[in-house]
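Here the structure is laid out as structure tokens; the discussion comes afterwards.
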Amino acid sequence: MFDIIVIGCGFAGAVAARKFAEEKNKKVLLLEKRSHIAGNMYEDMDINGIYVHRYGPHIFHTNLDYVFEYLKRFSDWFSYEHRVLGRIDGQLVPIPFNFTSIEKLFSEEKADIIKKRLIEIFLDRQVISVMEIMNNSDEIIKELGQYIFEKVFINYTAKQWGIPIEQVDGSVISRVPVVLGYDDRYFQDKIQVMPKYGYTKLFEKILNHPNITIKLNCNAAKKIKIIDKNVYFDGEIYRKPIIYTGAVDDLLNYKYGELPYRSLDLVFERYDVTNFQPCAVVNYPNEEDYTRITEFKYLTGQVVNGKTTILKEYPLHYNIMAEKGNIPYYPIINERNLKRYEMYKADIERTGNIFLCGRLAEYKYYNMDAVVDRAIKIAEEVDV
Ligand SMILES: Cc1cc2nc3c(=O)[nH]c(=O)nc-3n(C[C@H](O)[C@H](O)[C@H](O)COP(=O)(O)OP(=O)(O)OC[C@H]3O[C@@H](n4cnc5c(N)ncnc54)[C@H](O)[C@@H]3O)c2cc1C
């Protein structure tokens, strides 16, 4: 007999399951609707002998020491600093925009003026937002802000979210960073690493505990019914805790309507060359239909001569019934959708024994480290 049911086997479900199994000595039943563990972090080896992330590239970065300490128990890790280039006006330049980007895109004389002004105005700050640049009273700096907004941000965002350019919310730009210097790392976090043997192996270790039983190909939303405040599992009333990491609209049979997401068509291509591009990710903000290309061997650290595998990401409308675009990737956060989410959440919380955890269950964009943090905390708080 099980003490707790955990639904979904991404970081949220796997870490929670391990905590209950190991630290609370509870018998855990873990249900996963896909045919594999590791959620969206899942990777496997393709015919080129290269490990590919089947649901898009995942790079681990965090400032939460304790989260990394926890994960270190289950894998060795190697240091990996992620670098991204963007194709702007036919040139590959560092993203976030930095001094090298400015030097590549402007004449030497103009680039010198811009860099000098940036240093004078923003003194010893290392990272500023495009918004601050655009709102500056200095004409040259303002013009730079407008250039970055147009060339790096606006088309990319419209493409990513499938909206006309006029509808791109200006407030999002406050988060777009510009680096005042030559630091070309994509993330600034103090810990930037990748699991040495890949994410799938990491998950195998997390889940390797005698108290955890995993059932794959099992859609828990078909097994759980919520009627009034009561939870039924396989037709029987169920009062023990359930950690649910799937989508809440699915669990409640879409009673308040679907929660909208943006999806992706992920197109893998293989080439008989050692390297397709100069770094792991190249962004295509403007002309192309895809947003970025990832070359996996940079992420895995593998040395494979004469062959490489890349991934092109084409953003798509999410439709659960469609052949392409049927995976919910990015929640579309706006007032209307959050209100709908809150209605689902309230129904689920009324049960008293279903606890929501993770990117789908909380309808939130979460990085991996934040999900691990949340799963650890939920497992510590929930009484079994
Ligand atoms: C394209 C992309 C790239 C990303 N890159 C990064 C990155 O570089 N770095 C980073 O930190 N974060 C990244 N993220 C975020 C990262 O994917 C999430 O933080 C992580 O997946 C969250 O884990 P989770 O367990 O909440 O969700 P998931 O990994 O999605 O796991 C949920 C699991 O629940 C299962 N499930 C759902 N419903 C049911 C059901 N009814 N019954 C049974 N099982 C069910 C699903 O099949 C899935 O396996 C990226 C996200 C996307 C979309």
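In each ligand, atom 1 is the first atom listed, and ligand 1 is the first ligand listed.
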Exercise. Sort out the contact shell of ligand 1: every protein residue with a heavy-atom distance below 4.0 Å, listed by chain and number.
Key: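 Shell around ligand 1 (4.0 Å, heavy atoms): I7, G8, C9, G10, F11, A12, L31, E32, K33, R34, G39, N40, M41, Y55, P57, H58, I59, C218, N219, A220, A221, Y244, T245, G246, D250, L264, Y329, Y330, G358, R359, Y365, Y366, N367, M368, V371.
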Practice problem: Check V84 against H82 and note the closest heavy-atom contact, atom names and distance. | Solution: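 So the minimum-distance heavy-atom pair works out to CG2-NE2, 3.5 Å.
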Quiz item: For the residue pair R292 and E313, what are the closest heavy atoms and their distance?
Solution: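 Minimum heavy-atom contact is NE-OE2, 2.7 Å.
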Quiz item: Do the two ring centres, one from Y330 and one from Y318, sit under 6.0 Å apart?
Solution: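 No, the ring centres sit 6.0 Å or more apart.
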Quiz item: Between R73 and Y70, is NZ or CZ placed under 6.0 angstrom from the six-membered ring centre and within 45° of the ring axis?
Solution: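 Output yes; distance and angle both within limits.
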Exercise. Starting at CD1 of I242, measure out to CG of N353 and round the result to the nearest 0.5 Å.
Key: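 I242 CD1 to N353 CG: 6.0 Å, rounded to 0.5 Å.
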For residues 212-225, which side-chain donor-acceptor pairs fall under 3.5 Å, sequence neighbours excluded?
from	atom 1	to	atom 2	distance (Å)
N219	OD1	A221	N	2.9
K223	NZ	D234	OD1	3.0
K223	NZ	D234	OD2	3.1

